[in-house]
Amino acid sequence: MELTWRSLWIVTVILSAIISAAHSYTITVDAHAEECFFENVEADTKMGLTFEIAEGGFLDIDVTITNPEGAVIYKGERESSGLYTFSAPTAGKYTYCFSNKMSTMTPKVVMFNLEVGEAQHKSQDADVDHNKLEDMIKELATTLKTVKHEQEYMQVRDRIHREINESTNSRVVMWSIFEASVLLIMTFGQVYYLKRFFEVQRVV
């Protein structure tokens, strides 16, 4: 009975960790624009931000994360994808922004996930066995979320590569048609020129 209860408890914790601890979003950042989000967390809370540029221009964007005091704790320029994890040293509102101000006319589609863990002090009073089991559950939940995110990113990459291949194939076909048209025009031009040349020779 105890084994069944423990198994049920483990499954419940894993599912709740996967569903509630990660927030997935897909947004469009217009040219010369910036989109910002924030998360209120307690001190010593683990946070993680993963993102992928799905569409737009050269698939790059600027990313900035600031703490409650407004100090920049992470800044990336013209990044196509990224993963950044940190432990919040102080409680408050942490802000993360995606900036497309360097783009002149192309909007960017950004897919990102924000993972928020639990503050470490919540489990300080638990016994050693319980802590080990909880750590194993959290590690398993984190691994499952990572796999889920990687699958989503792989789908985005596959779609991007497919669109690039289709665009390249279309350009190759258009170039082939252009070359064939030029060859036909040159052929008819040469035939017409030779015909006119011999007609002039006979008249003379």
For this session: Name all residues meeting the side chain to side chain donor-acceptor pair (under 3.5 Å) criterion together with Arg162; count only those two or more places apart in sequence or in a different chain, and write none if there are none.
Result: Asp158

Problem set entry | Test item: Asn100 side-chain N/O and Thr106 main-chain N/O as donor-acceptor pair under 3.5 Å | yes

Exercise. Closest heavy-atom contact between Ala43 and Pro89?
Worked result: CB-O, 3.8 Å

Exercise. Same hydrophobic cluster for Tyr94 and Tyr25, using side-chain heavy-atom links shorter than 4.5 Å among ILVMFWY?
Worked result: yes

For this session: Could you pull out the closest heavy-atom pair between Ala31 and Ser103, with the gap in Å?
Result: CB-O, 3.6 Å

For this session: Establish whether Tyr74 and Val41 are linked, either directly or via other cluster members, by ILVMFWY side-chain heavy-atom contacts under 4.5 Å.
Result: yes

Seminar exercise, completed: Between the CZ atom in Phe112 and the OG1 atom in Thr50, the distance rounded to the nearest 0.5 Å is 9.5 Å

Exercise. Minimum heavy-atom separation for Asn40 to Lys93, with atom names?
Worked result: OD1-CB, 3.2 Å

Problem set entry | Test side chain to side chain contact (heavy atoms under 4.5 Å, CB included) applied to Met47 and Leu114, step by step | CA-CA 7 Å; Met47 302 178 64; Leu114 180 67; 4.3 Å; yes

For this session: Look up atom CG in Asp62 and atom CD in Glu79, then write down how far apart they are to the nearest 0.5 Å.
Result: 8.5 Å

Exercise. Nearest heavy-atom pair of Leu59 and Ser80: which atoms, and what distance?
Worked result: O-OG, 2.6 Å

Exercise. Given the rule that I, L, V, M, F, W and Y join up when any side-chain heavy atoms are under 4.5 Å apart, are Trp175 and Val182 in one cluster?
Worked result: yes

Exercise. To the nearest 0.5 Å, what is the distance between CG (Leu183) and CZ (Phe188)?
Worked result: 11.5 Å

Exercise. For Ile73 and Tyr84, which heavy atoms make the closest approach, and how far apart are they?
Worked result: O-OH, 3.2 Å

Problem set entry | Interatomic spacing from NE2 in His32 to OG in Ser99 - rounded to 0.5 Å | 10.5 Å

Exercise. Can you check whether Asp60's main-chain N or O pairs, donor with acceptor, with Lys108's side chain at less than 3.5 Å?
Worked result: yes

For this session: Would you please name every residue forming a side chain to side chain donor-acceptor pair (under 3.5 Å) with Gln190, sequence neighbours left out?
Result: none

Exercise. To the nearest 0.5 Å, what is the distance between CG (Leu49) and CZ (Phe37)?
Worked result: 10.5 Å

For this session: First locate atom CZ of Phe98, then atom CD of Glu35, and finally report the distance between them rounded to the nearest 0.5 Å.
Result: 10.0 Å

Problem set entry | side chain to side chain contact (heavy atoms under 4.5 Å, CB included) evaluation trace for Val109 with Thr26 | CA-CA 7 Å; Val109 178; Thr26 300; 3.9 Å; yes

Exercise. Are Phe51 and Ile27 connected, step by step, through hydrophobic side chains (Ile, Leu, Val, Met, Phe, Trp, Tyr) whose heavy atoms are closer than 4.5 Å?
Worked result: yes

